[in-house]
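First up is the structure itself, then whatever we jot down about it.
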Amino acid sequence: MPELKLELGNFHVKDIVFGNETSYKDGLLTVNKEEALKVVFEDECITEAELHIVKPGDKVRLVPVKEAMEPRCRVAGGPVWPGVTGDLMQSGEGRTHCLKDCSVLVVGKHWGGFQDGLIDMSGEGAKYTYYSKLKNIVLVGDTNETFEQREQQKKNRALRWAGMRLAEYIGNCVKDLEPENMDTYELAPLTKRSDEVNKLPKVAIVLQPQSQMEELGYNDLLYGWDCNRMLPTFMNPNEVLDGAMISGSFMPCSSKWSTYDFQNFPMIRRLYEEHGKTINFVGVIMSNLNVALEQKQRAAQMVAQMAKSLGIDAAVVAEEGYGNPDADFIACTVALEDVGVKTIGLTNECTGRDGMSQPLVTLDTKANAIVSCGNVSELIKLPPMETVLGELEALARDGLSGGWADDEILGSSVKEDGSIIMENNAMFCGDQVVGWSDKTMSEY
């Protein structure tokens, strides 16, 4: 059986403007706003929508940010996100064209709480999130108020799905163009790798996407399938990079993996870089995060069995979220170590505002190689911004993680002058556990 070969053709966006035709030329992305909004309003639940362009250095605050995705198109046709924005099909092979250095951001209003975060495009806040470095097309949308209150699941889906349709619409403008450069990803089947590659340490990455909401619709999706209903699954890494995974809608926003993060997963790309040089990159074990202890133990046991059967020597385990998911994270790490797989972990910590609390809900001496991507509880103070897209007050409603309506010591998260005090938890994808993070540690 031939390997999956994925070609990602890259077009590097240097600037974005609105114009008469959605097109790309010499680094300039032009978006026809009227046509783009028609794509957004295909869902009748969306009652209000506007598009904005924001760039690094702009004095703009975005809140509540719900989702991010990279504009793309499949050259041979088909949905960018199979099973979500179109029919099921195999992802991870063929050619996909990508508009780099930019994203589509989805910002909502009202009845927030799930998946809502903040992005500052300049100033102190900009250093906390990768998306301040990108040129962004921002969809600010709203849905029917009664619909919002009663059906948050569908409301979040309506806005996020609109963002994905918009990203596909924009991405199609480069379908017939020649890429500026190409990234090619292919792994030979495990049984058909060369002797030279097979002599190298076999390494896999274990991903634990968010899937703890028992009410379906909030969790990450795999080919449109709710990850709450899945068991650990072996996947080709190309599938993750090519639209098999989309982000869900849940509260710990700094811990979140956006759809953009899945599309560009830096840790997967890094393992690819070392394949055939220092490691034999086996692939991805896609696990999940569970609620009940038995579910956690079952997933950890299956991951370890899979790793042992595949002959894996070492693994990277990455969790999306914190708190309860820490039990899955540690259980998986311990199970892998118990079958002889040397394991490192990627996660953030919840050490309290003073940094003195236990970093993870549960710990084990076998989990002795964990990379910390930051403290979700760290207090962040941000000055006012000239422009706010969305609804600043969303940060001051209880339910948006990292913000609060009235703290007995700190008062409201949002001050009268528009300045903010909040926990890092409210920063959109701020901990960048997928591998963007450039945070480090200081010893005292």
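Keep in mind that what you see is a predicted model, and the values were worked out from it rather than measured. Reckoned from all heavy atoms, side chains included, excluding hydrogens, waters and symmetry mates.
With hydrogens and angles ignored, the 3.5 Å screen pairs no side-chain donor or acceptor of Glu319 with any backbone N or O of Pro209. A donor-acceptor pair under 3.5 Å is formed between the side chain of Glu239 and the backbone N or O of Asn236. With hydrogens and angles disregarded, no donor-acceptor distance shorter than 3.5 Å links the side chain of Arg160 to the backbone of Ile246. Side-chain atoms of Ser132 come within 3.5 Å of backbone N or O of Ala126 as a donor-acceptor pair.
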Exercise. Kindly indicate, with the supporting measurements, whether the criterion side chain to side chain donor-acceptor pair (under 3.5 Å) is fulfilled by Asn375 and Asn424.
Key: CA-CA 7 Å; Asn375 174 17; Asn424 174 51; over 6 Å; no
Practice problem: Under the ring-ring contact (aromatic ring centres under 6.0 Å, His included) rule, what do Trp81 and Tyr223 come out as? Steps first, then yes or no, please. | Solution: CA-CA 7 Å; Trp81 293 280; Tyr223 284 112; over 10 Å; no
Practice problem: List the steps, then state whether ring-ring contact (aromatic ring centres under 6.0 Å, His included) holds for Tyr260 with Tyr131. | Solution: CA-CA 10 Å; Tyr260 184 102; Tyr131 297 92; 5.5 Å; yes
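Heavy atoms only, all atoms of each residue included: Val104 and Pro71 are closest at CG2-CG, 4.1 Å. Across every non-hydrogen atom of Leu134 and Ser103, the tightest pair is CD1-CB, 4.0 Å. Of all non-hydrogen atoms in Asn290 and Gln212, the two that sit nearest each other are O-NE2, 2.9 Å. Taking every heavy atom of both residues into account, Ser287 and Pro232 meet most closely at OG-CG, 3.7 Å.
Between Asn288 atom CG and Ser211 atom OG the span is 4.0 Å, to the nearest 0.5 Å. Put simply, CG on Leu177 and CD on Glu180 are 9.5 Å apart, with the number rounded to the nearest 0.5 Å.
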